[in-house]
Amino acid sequence: MQRLERAFFRQSAPTLAPQLLGKMLCRKRGRQVLRLRITETEAYYGETDTACHASRGRTPRTAVMYGDGGHAYIYLCYGMHEMFNIVSGGVGFPEAVLVRGVEGFSGPGRLTRGLAITRALNREDLTVSRQLWLEDDGAEAAFTAAPRIGIGYASARDRARRWRFTLRG
DNA sequence: AGTAGGATGGGCT
DNA sequence: GCCCATCCTACTC
């Protein structure tokens, strides 16, 4: 088991998102560590991506996306669902990968509830955290690409982008 | 200071 | 397929 480090997360979101498939999302709970394989991701890429929260510019909420790759961006959706994103790329360009599914939990709201991932972990540095991190166990990961979910407000061009990645098999 | 709407999910028809 | 719970963010006045 190898913890994923900074250089890996500094790739652009559309490149990083499929590479996160098959990696282990690790969450410490008491004495135990839950390790669940990532099965579904989505890329959100820059201020010009009208589906990305940063499309309206930098705000207190989105500031973490402008920071270095490898940090957690966690926000509340529809007043009840915590969404877990991994900031990608380098400093200054806002982008992130939404983790939409892990083995045992399909759906971005369900997996955060199942792993007790809340906004208390917003901005957590996943390269050094003892609470939340990622590991590579060397598994191969074939995937399929499709349009992103729940972004009807975005431009037709951005709705059509195939930036949703699902583990095949 | 007030408010519209959202990167969802479960339950019912 | 439709409805809606539930609350924060960001935009408007």
Side-chain angles (χ1 to χ4, degrees), chain A residues 4 8-23 25 27 34 36-90 92-126 132-134 141 143-168:
Chain A
L4 295 178
F8 180 79
F9 294 114
R10 282 184 178 149
Q11 299 175 278
S12 73
T15 301
L16 180 66
Q19 291 194 50
L20 285 167
L21 296 172
K23 300 297 188 288
L25 179 60
R27 173 72 167 119
L34 293 169
L36 295 174
R37 198 174 300 280
I38 294 174
T39 58
E40 188 177 346
T41 58
E42 279 181 1
Y44 290 87
Y45 187 61
E47 294 180 348
T48 58
D49 174 8
T50 54
C52 182
H53 287 167
S55 63
R56 304 209 185 195
R58 186 176 185 139
T59 65
R61 181 177 62 147
T62 61
V64 64
M65 275 203 286
Y66 288 76
D68 209 353
H71 291 79
Y73 168 41
I74 302 166
Y75 67 92
L76 187 69
C77 186
Y78 296 113
M80 59 186 79
H81 301 292
E82 312 269 352
M83 299 283 125
F84 171 56
N85 300 248
I86 299 167
V87 175
S88 68
F93 190 90
E95 49 179 314
V97 175
L98 170 65
V99 180
R100 289 190 59 88
V102 297
E103 279 178 344
F105 297 103
S106 69
R110 298 179 78 186
L111 82 87
T112 53
R113 198 175 63 192
L115 291 175
I117 295 171
T118 71
R119 283 160 290 163
L121 288 166
N122 192 31
R123 298 170 176 269
E124 188 85 348
D125 187 345
L126 306 176
L132 187 63
W133 68 96
L134 288 101
F143 65 89
T144 55
R148 292 171 290 180
I149 298 294
I151 55 163
Y153 57 86
S155 71
R157 170 88 185 163
D158 288 327
R159 288 200 306 272
R161 294 183 196 284
R162 300 173 73 83
W163 281 351
R164 177 190 182 201
F165 304 95
T166 309
L167 196 61
R168 200 185 318 195

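Note that this is a predicted model, so its numbers are computed, not measured. A, B, ... follow the sequence lines: proteins, then strands. Residue 1 opens every chain.
- Residue Arg119(A) is classed as a sugar-phosphate contact, given heavy-atom separations below 4.0 Å to backbone atoms only.
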Would you tabulate the pairs of protein nitrogen or oxygen atoms and nucleotide nitrogen or oxygen atoms of nucleotides 1-6 of chain C closer than 3.5 angstrom?
from, atom 1, to, atom 2, distance (Å)
dT6(C), O2, Tyr78(A), O, 2.6

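- Rounded to whole angstrom, the span from the CD atom of Glu82(A) across to the P atom of dA7(B) amounts to 15 Å.
- Listed candidates were dA10(C), dA7(B), dG10(B). Nearest to the side chain of Arg113(A) is dG10(B).
- Using modelled atom types, one finds a donor on one side chain and an acceptor on the other under 3.5 Å when comparing Tyr66(A) with Glu47(A).
- For the pair Arg56(A) CZ and dT12(C) C1', the computed distance is 12 Å after rounding to whole Å.
- The distance between the ring centers of Phe93(A) and Tyr45(A) falls below 6.0 angstrom.
- To the nearest angstrom, P of dG9(B) lies 10 Å from CD1 of Ile149(A).
- Side-chain nitrogen and oxygen atoms of Tyr153(A) include at least one within less than 4.0 Å of the OP1 or OP2 phosphate oxygen of dA7(B).
- For Arg100(A) and dT8(B), the CZ to C1' distance is 8 Å, given to the nearest whole Å.
- Stacking here means ring centres nearer than 5.5 Å and ring planes tilted less than 30 degrees, and by that measure Tyr44(A) stacks onto dA7(B).
- The two residues Ile38(A) and Leu20(A) make their nearest non-hydrogen contact at CB-O, 3.5 Å.
- A salt bridge between Glu42(A) and Arg100(A) is present, with a side-chain N of the basic residue lying under 4.0 Å from a carboxylate O of the acidic one.
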Between the protein and nucleotides 3-5 of chain B, are there any N/O to N/O pairs under 3.5 Å, and if so, what are the atom names and distances?
none

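- Among the heavy atoms of the strands, none lies under 4.0 Å from Arg148(A).
- Here dT9(C) presents its P atom at 12 Å from OH of Tyr75(A), a figure rounded to the nearest Å.
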Please output the side-chain donor-acceptor pairs of residues 150-160 of chain A that fall under 3.5 Å, not counting sequence neighbours, one pair per line with the distance.
from, atom 1, to, atom 2, distance (Å)
Tyr153(A), OH, Ala51(A), O, 2.9
Ser155(A), OG, Thr50(A), OG1, 3.3
Ser155(A), OG, Asp158(A), N, 3.1
Ser155(A), OG, Asp158(A), OD2, 3.2
Asp158(A), OD1, Arg161(A), NE, 2.7
Asp158(A), OD1, Arg161(A), NH2, 3.2
Asp158(A), OD2, Thr50(A), N, 2.8
Asp158(A), OD2, Thr50(A), OG1, 2.6
Arg159(A), NH1, Ala154(A), O, 2.7

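- Nucleic acid contact class of Leu98(A) (heavy atoms, under 4.0 Å, all strands): base.
- Salt-bridge check for Arg164(A) with Glu40(A): passed, with a basic side-chain N closer than 4.0 Å to an acidic carboxylate O.
- Regarding contacts with the backbone of dA10(C), a side-chain N or O of Arg61(A) is found under 4.0 angstrom from either OP1 or OP2.
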